[in-house]
Asker: 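Okay, handing you the structure first.
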Amino acid sequence: MKTLVSLLALIAFQLGEVAVAVECPEIDADSSRIVVSGGSITEIIYALDAEDRIVAADRTSNYPAAALELPQIGYVRALSAEGVLSQSPTLLLGEDDSGPPEILDQLRAAGLPVAILGEQHDAAGIIHKVRCVGQLIGEQEAAEALVSERLQPAAQALTGHEDRPMGAVLLGIRDGTLIAAGGDTSGNGLLEMMSADNALASMSGWKPVSRESMIIAEPDFFVIPQRGLDAAGGVEGLLDHPTLKFTKAAQSGQVYAMDGMAMLGFGPRTLEAAAKLGADIRASQETDTPK
């Protein structure tokens, strides 16, 4: 059955047909001066070669490096209405967690068109997001080229795996407590795209994890943003944490780290990150070589 499901998914991606539970906002707006709330949207606009239209972005817009030079409007969940309106924008494009809601209402009341994109944490959702951004800014042709040339090949690389290693996605350590991804998170979506199971899927959201819970979960590997790993003192410091040190993954040194937005932002790079992580983890397990 898994082989049939993988085959059907592969055919769907080749045909450009993706199943999504979110809709693209319907909005008719001038896209010549865009303010962006959400790093994945900034990444997409750059990938569509339309970055000259971005006049400001939020603090999560850190890729590509040139985006760091843009005027900032605050954090995605704590936008500044004054900061947005000071850029004389014609459109605000935001991820689903943009806010707070009262700020978005204030911007709409000021006459600024606001388009908030829904999030779906899988390959289909990423492809849909790219097409949606392309539609909203009038770059449908460039969006389809990005999908066919870059995203569909990465999505196809994620299919056809019958083995499902068990992993855990860690956000980092806060005040000595380990924070990890439950079943309804972007971290869980990353694992699903890799054809891996979430050892902490029964947990909801990003939550603190106890040593007992992690030992019972018994993941084969850990995935963590590079920033979280660095803050924990590197691989040695992370795996010496009492919540992790007695797990199988810690004993074998199975820790994988990369840029946090690439892993969890669910922009174009997340598909490629999932494909790379999945390949690296399976290769390591086949050779039984600690990373």
Side-chain angles (χ1 to χ4, degrees), residues 37-44 57-65 67-68 75-78 95-97 119 121-123 125-126 129 154 158 165-194 196-201 203-209 214 217 219-241 243-245 247 249-250 253-281 284 291:
S37 172
S40 69
I41 297 177
T42 298
E43 179 185 341
I44 290 168
D58 81 302
R59 290 205 303 269
T60 67
S61 297
N62 57 19
Y63 183 89
L68 295 170
Y75 182 63
V76 62
R77 297 188 185 92
E95 294 179 347
D96 68 333
D97 56 351
E119 191 74 82
H121 293 137
D122 57 21
I126 293 172
K129 187 189 295 185
L158 296 172
M166 182 78 72
V169 176
L170 313 177
L171 190 60
I173 299 173
R174 292 179 181 170
D175 299 324
T177 301
L178 191 80
I179 307 297
D184 54 352
T185 61
S186 56
N188 185 78
L190 176 70
L191 292 172
E192 285 292 333
M193 286 203 302
M194 293 161 50
D197 290 325
N198 185 356
L200 301 168
M203 184 174 73
S204 177
W206 293 91
K207 297 284 180 61
V209 182
M214 189 64 78
D220 298 318
F221 62 90
F222 298 121
V223 179
I224 186 171
Q226 186 64 54
R227 180 181 296 182
L229 182 64
D230 293 343
V235 173
E236 184 176 347
L238 179 72
L239 297 184
D240 192 50
H241 191 279
T243 301
L244 303 180
K245 66 188 304 181
T247 62
Q254 296 288 309
V255 177
Y256 300 82
M258 62 171 52
D259 175 78
M261 279 298 294
M263 281 174 47
L264 304 172
F266 278 77
R269 290 184 300 156
T270 305
L271 266 173
E272 297 162 338
K276 182 180 188 307
L277 283 168
D280 289 349
I281 288 166
S284 180
K291 290 190 72 68

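This is a predicted model, so every value here is computed, not measured. Side chains included, hydrogens not; waters and symmetry mates left out as well; all remaining heavy atoms used.
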Asker: Which heavy atom of A257 sits nearest a heavy atom of Q226, and at what distance?
Answerer: CB-OE1, 3.5 Å

Asker: To the nearest 0.5 angstrom, please state how far the NZ atom of K245 sits from the CG atom of D240.
Answerer: 4.5 Å

Asker: Can you name the nearest heavy-atom pair linking L158 to A274, along with the distance?
Answerer: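 Closest pair (atom of L158, atom of A274, distance): CD2-C, 3.7 Å.
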
Asker: Could you check if a side-chain atom of L171 sits within less than 4.5 angstrom of a side-chain atom of R174, using non-hydrogen atoms only?
Answerer: yes

Asker: Hey, are the side chains of R59 and Y75 touching, using non-hydrogen atoms and a 4.5 Å cut-off?
Answerer: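 In contact.
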
Asker: Evaluate side-chain contact (heavy atoms from CB on, under 4.5 Å) for N198 paired with V169, printing each intermediate quantity in order.
Answerer: CA-CA 8 Å; N198 185 356; V169 176; over 6 Å; no

Asker: What I'd like to find out is whether the side chain of I281 reaches to under 4.5 Å of the side chain of D220, using heavy atoms alone.
Answerer: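 Contact flag for I281/D220 side chains = no.
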
Asker: Got a second to check how far L200's CG is from N188's CG, nearest 0.5 Å?
Answerer: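 It comes to 9.5 Å.
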
Asker: Side chains of D259 and P225: closer than 4.5 Å at any heavy-atom pair?
Answerer: no

Asker: Go through the steps to decide whether F266 and L271 satisfy the test side-chain contact (heavy atoms from CB on, under 4.5 Å), and finish with yes or no.
Answerer: CA-CA 7 Å; F266 278 77; L271 266 173; over 6 Å; no

Asker: If we only count heavy atoms from C-beta on, is the F221 to Y256 side-chain gap below 4.5 Å?
Answerer: yes

Asker: Is the side chain of E95 donor-acceptor paired with the backbone N or O of S40 at a distance under 3.5 Å, no angle test?
Answerer: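 A pair under 3.5 Å: yes.
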
Asker: Report the C-alpha distance between M263 and T270 in whole Å, list the side-chain angles of each, state the deciding distance to 0.1 Å, and finish with yes or no for side-chain contact (heavy atoms from CB on, under 4.5 Å).
Answerer: CA-CA 5 Å; M263 281 174 47; T270 305; over 6 Å; no

Asker: CE of M258 to CD of E272: how many Å apart, nearest 0.5 Å?
Answerer: 10.0 Å

Asker: Would you check if L170 and L178 make a side-chain contact, meaning some heavy-atom pair closer than 4.5 Å?
Answerer: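 Yes, close enough: below the 4.5 Å cut-off.
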
Asker: Quick one: CD on E43 to NZ on K129, what's the gap to the nearest 0.5 Å?
Answerer: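 Going from the CD atom of E43 to the NZ atom of K129 covers 9.0 Å.
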
Asker: State, to 0.1 Å, how close G187 and A181 come at their nearest heavy-atom pair, and which atoms those are.
Answerer: CA-CB, 3.9 Å

Asker: Evaluate the criterion side-chain contact (heavy atoms from CB on, under 4.5 Å) for residue pair L191 and D197; output intermediate values, then yes/no.
Answerer: CA-CA 6 Å; L191 292 172; D197 290 325; over 6 Å; no

Asker: How close do A67 and T42 get, counting heavy atoms only, and between which atoms?
Answerer: CB-CG2, 3.9 Å

Asker: Would you give the length of the straight line joining atom CD1 of I173 to atom OG1 of T243, rounded to the nearest 0.5 angstrom?
Answerer: 8.0 Å

Asker: To the nearest 0.5 Å, what is the distance between CZ (R269) and CD1 (I126)?
Answerer: 11.5 Å

Asker: Do L68 and Y63 have side chains that approach each other closer than 4.5 Å (heavy atoms only, starting at C-beta)?
Answerer: no

Asker: Without hydrogens or angle criteria, can the side chains of Q254 and S284 be said to hold a donor-acceptor pair below 3.5 Å?
Answerer: yes

Asker: Does a side chain donor of either T60 or D58 reach within less than 3.5 Å of an acceptor in the other side chain?
Answerer: yes

